[in-house]
2 protein chains.
Amino acid sequence: MGTTQLETAPEPKYWHLKTVLSEALDSEFSVGEILPNERELAARFGVARATLRQALEQLELEGRLQRRRGVGTTVAPPRVGVAVDPARHTWPGAPGDDWQPVDAVESRNVPAAVARQLELAPGEQVHVVHRSRVTHGQPVAAEQLYVPARSVPEAETATGAAVDAQARARTVLRELQQLELEGQDRSVELGSARADDAKELDRLPGAPVLVVTTRYFAGGRTAAVALSTYRADTCRLTFGDNETGAGVTVLAS
Amino acid sequence: MGTTQLETAPEPKYWHLKTVLSEALDSEFSVGEILPNERELAARFGVARATLRQALEQLELEGRLQRRRGVGTTVAPPRVGVAVDPARHTWPGAPGDDWQPVDAVESRNVPAAVARQLELAPGEQVHVVHRSRVTHGQPVAAEQLYVPARSVPEAETATGAAVDAQARARTVLRELQQLELEGQDRSVELGSARADDAKELDRLPGAPVLVVTTRYFAGGRTAAVALSTYRADTCRLTFGDNETGAGVTVLAS
DNA sequence: CAGTGGTCTAGACCACATG
DNA sequence: ATGTGGTCTAGACCACTGG
């Protein structure tokens, strides 16, 4: 036995399948087209349905496919570029941002990581503003904006029970604009959608999402923190000056 | 018949499992600790191993767990913040960046998306510089930097076959510094690791990664494109002025 | 209602790391 | 050699969408 090379690592079936499917998508299918159902595909490739699904899962993760229960599997359009870092640093809710305020509640119970960044005293009152972002008619992100009551003292009185939820959200955002924004800070990581965010994004709970954490600085401390949850399958987050993402130059031939 | 609420959506087992495990991780385990093996855990919770694995998969995706074949499942440390957008815009390979050149090859065959962004003529020659990034002793990212030969004419002669691969990489990077950088552009999206990147990142092929695409502008066009592949399980990409990410303030009590 | 994708099971074998 | 996670199978049932 002296075969000098041991690198005959057998490629997993689902990996090979993914490659084959991927090439088929490029050559034989067009955007929006519906694929044969999973049982049929599995049979056609001679694998168990679970194995076929493992391949589909990866392709969906890469934004190539879109699967909807009760409907079928379709070829996904290219990911949309979503601008996350406008050159101008502004408060959320400033004129011209793509977010829509939904509601706002007051809470004393926020995620530990957020409490740490806001340096909250235990039980300190916080406004939680819920916003959503829509691009090209599709919901792409949901956001929870955490604003300590101390940052927007004037909002306190206006957030009575009689006012409707969206109005409360607007009030908090309006008060934020009064502060001088000294800087901001962002990070991006992979997460899985909470049940409520998932519903809003039209996905199942646990769907992969890109979580953008934005810290807003004012008065020498962190005045607000936003947790923005973007659909990872359909979005490409863009940063920097040019919002024109990849894949726009279609005419060159 | 007339139950006014139909929202009795039964929570999937793996979802509930994930919640339970997540809480157990917070309270009963510490970083680096090794969990019971999958067969044991499945038995303990009274589910099939596949179901248990579905829960573990999510927790790994969220960076809570680390699984290694032949070893076991351990509790992962918090994600490391990795600075992606230094305030100063510089060429790759500028002094002080965290990347290590590995090698460079010349190719006429690059990913379609890259070719489009570089406005490559079909078959145009491109240097592909391969770099890797290490933080805290762990490999966190692999990168392919695509530099059209037209951008670095001087590098042409110096990249003979006799020179070793890493030297070729350095040459291309050095030539890049000669150009005046007019701007850059970034986007982040979810992907799955190619086989070679996976090996370099010490993961299995298909592992979830954050793909950062950087375009470098010079001479009125796109002079280079970098595709940087970060481990999604262990990394949090940070942007902006402050590199101090969340979760650094450990002493406050 | 029929058809789709989503969940779940109980097994088997394989690749890898470690002693 | 043993034990781990990774892959794969062949089924079953459920939740949802649409006509």
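Chain letters run A, B, ... following the sequence lines, proteins first and then strands; every chain starts at 1. The figures that follow rest on heavy atoms only: side chains count, while hydrogens, waters and symmetry mates do not.
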Side chain to side chain contact (heavy atoms under 4.5 Å, CB included) involving B:Arg194 - partner list, sequence neighbours excluded: B:Gln144, B:Asp196, B:Asp197
To the nearest Å, give me how far apart CZ (B:Arg203) and C1' (D:dG5) are. 11 Å
By salt bridge (charged side-chain N to carboxylate O under 4.0 Å, His left out), which residues pair with A:Asp202, not counting sequence neighbours? none
Sub-3.5 Å pairs of nitrogen or oxygen atoms, protein against nucleotides 8-11 of chain C:
| unit_1 | atom_1 | unit_2 | atom_2 | d |
| --- | --- | --- | --- | --- |
| C:dC8 | OP1 | B:Lys13 | N | 2.2 |
| C:dC8 | OP2 | B:Tyr14 | N | 3.2 |
| C:dT9 | OP1 | B:Lys13 | NZ | 3.0 |
| C:dT9 | OP2 | B:Ala48 | N | 2.8 |
| C:dT9 | OP2 | B:Thr51 | OG1 | 2.5 |

Gap between atom CD of B:Glu38 and atom CG of B:Leu56 - 0.5 Å precision: 5.5 Å
Short of 4.0 Å, heavy atom to strand atom, which residues of residues 60-73 of chain B count as contacting DNA chain C? B:Arg69, B:Gly70, B:Val71
Sequence neighbours excluded, the answer for side chain to side chain donor-acceptor pair (under 3.5 Å) partners of B:Arg170 is none
Please list, chain by chain and in numerical order, all residues satisfying salt bridge (charged side-chain N to carboxylate O under 4.0 Å, His left out) with A:Arg231, sequence neighbours excluded. A:Asp233
Counting any heavy atom closer than 4.0 Å, what does B:Leu204 reach on the DNA or RNA strands: base, sugar-phosphate only, or nothing? sugar-phosphate
Report the residues that fulfil side chain to side chain donor-acceptor pair (under 3.5 Å) with B:Thr229, sequence neighbours left out, ordered by chain and then residue number. none
Rounded to whole Å, the CG-P distance (B:Leu41 to D:dT4) equals 11 Å
How are the rings of A:Phe239 and B:Phe239 set to each other: parallel, tilted or perpendicular (split at 30° and 60°)? parallel
Got a sec, which residues hit salt bridge (charged side-chain N to carboxylate O under 4.0 Å, His left out) with A:Glu33, two or more places apart in sequence or on another chain? none
Once side chain to side chain donor-acceptor pair (under 3.5 Å) is applied, do any residues pair with B:Asn37, and if so which ones, sequence neighbours excluded? none
Give the rounded distance in Å between these two atoms: CD of B:Glu57 and C1' of C:dT7. 14 Å
Partners passing side chain to side chain donor-acceptor pair (under 3.5 Å) against B:Gln54 (at least two apart in sequence or in another chain): none
Please name all residues satisfying salt bridge (charged side-chain N to carboxylate O under 4.0 Å, His left out) with A:Asp26, sequence neighbours left out, ordered by chain then number. A:Arg64
Can you check the B:Glu40 CD to D:dG3 P distance for me, whole Å? 13 Å
Residues in residues 29-39 of chain B with a heavy atom under 4.0 Å of DNA chain D, by number, are B:Asn37, B:Glu38, B:Arg39
Output the rounded distance in Å from NZ (B:Lys18) to C1' (C:dT7). 16 Å
